[in-house]
Amino acid sequence: MALKVKLSENVYWLGFNDRRKHLFENQWPLEKGITYNSYLISDEKTALIDTAEAPFSGDLVDWVAELLEGKTLDYLIVNHMEPDHSGAIKEIVSAYPNIIIVGNRKTQPLLEGFYGITENYQTVDEGETLSLGEHTLQFFTVPMVHWPESMVTYETSKNILFSNDAFGSFGTLNGGVFDDEIDLDTSFYNEEIRRYYSNIVGKYGAQVQKALAKLSGIEIKLIAPSHGVIWRSQIPYIIDRYNTWSKMEGEKGAVIVFGSMYGNTEKMADYIARFLVEEGIKNVKVYDAAKTHSSHIINDIWKYKAVILGSCAYNGGIFPPMAHLLSDLEHYGLKGRYLGIFGSASWGGGGVRAINNFAERIKWDIVGEQVEARCAPKDSDLEKCRSLAKEMAQKLLEL
Ligand code: FEO
């Protein structure tokens, strides 16, 4: 039986909770799962907007058939070809062989490449409309939010923006589907929305800014993304969050990440954290790079302005889990952070040197003097940690 959750009359949410997948894109942890949202409009003509991951194909086909009550499915709108949304296309086409697949010029090669589908394809251009009867769909491309072919679909009569990845979230929908059905302040969604943004779309901040500018001219009463919560009461909030995150603005707070084999670099991290708090900084996060997946660390680094990185040396270089994190951060091209550097070396070093090399490439503002302890930190090293924390706190308090 399909859940009959309506966005408006004859517009349905078809969402599927995935609690079995451990890693999204086979790399990002899904401790709280993920939802794939598809949407159905049943009018004189009918349209399905995006599908779901392949394992949910059977349920999606069943739900569509039930909600259409004997009508055929005329259109499949493909906002994005990543297989978390396109994975059920072949099953939909099998169930409705005459269906017209609607996408833009960049969609079609991916449709053929992933699924070998070349027929019954309709290309839409920027701003073009498609009438279903009482409902009209309008299409806007949003390149690199998240892939080159990404687009959003705007339903003009009810002002619904089917935004695909944009404004989406990790985390399953646990009963509540709309933002006003969930206590966002006490739920996990705020963290999971930013983690989704930073991990999946974060690299493309400039393109997100262009998309926000493009969409600023249309009236939006509902944002229906393809992952997570549907926005209807807090639309300005989520748009404001996207604006802040895509501009890579950091809040008053610090993320300390360390790589430590025997606890010496970790000890320095703890002292720096305490010294920051003593200087008036309330938001301080400390992470062991070997224990916490970079997904979560990146999420906090996206939030806070100060990043303080420390590593022991390992085989003449940096501790490998820290190398992984630094590589991720370079990949995203995150800008505008204050950077503090610390670590330890027992003989030739390598950890602090590698963080300095990273600093040159990423061009963040280095704050304070770096601290590199010999083997275990001495009181003099910990006093240098205090100085580093003090300078970082002063910079943060100026925000
Ligand atoms: Fe949710 Fe880029 O796919």
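We count ligands from 1, going down the list as the structure has it; atoms in each ligand are counted the same way.
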Please identify each residue that fulfils side-chain hydrogen bond (donor to acceptor under 3.5 Å, both in side chains) with Asp300, with sequence neighbours left out.
Lys285, Tyr287

Check whether any side-chain heavy atom of Trp63 sits under 4.5 Å from a side-chain heavy atom of Leu3, and report yes or no.
yes

Restricting to N, O or S atoms of His227, which is nearest to atom 1 (Fe) of ligand 1?
NE2

2.8 Å cut-off (strict), protein N, O or S atoms about atom 2 (Fe) of ligand 1
4

Suppose we call two aromatic rings close when their centres sit under 6.0 Å apart. Are Tyr196 and Phe170 close by that rule?
yes

Flag the pair Phe167 / Arg241 as yes when at least one side-chain heavy-atom distance between them is below 4.5 Å, and no otherwise.
no

Applying side-chain hydrogen bond (donor to acceptor under 3.5 Å, both in side chains), name anything that partners Asn356, two or more places apart in sequence or on another chain.
Gln370

With sequence neighbours excluded, residues passing salt bridge (Lys or Arg N to Asp or Glu O under 4.0 Å) with Arg20
none

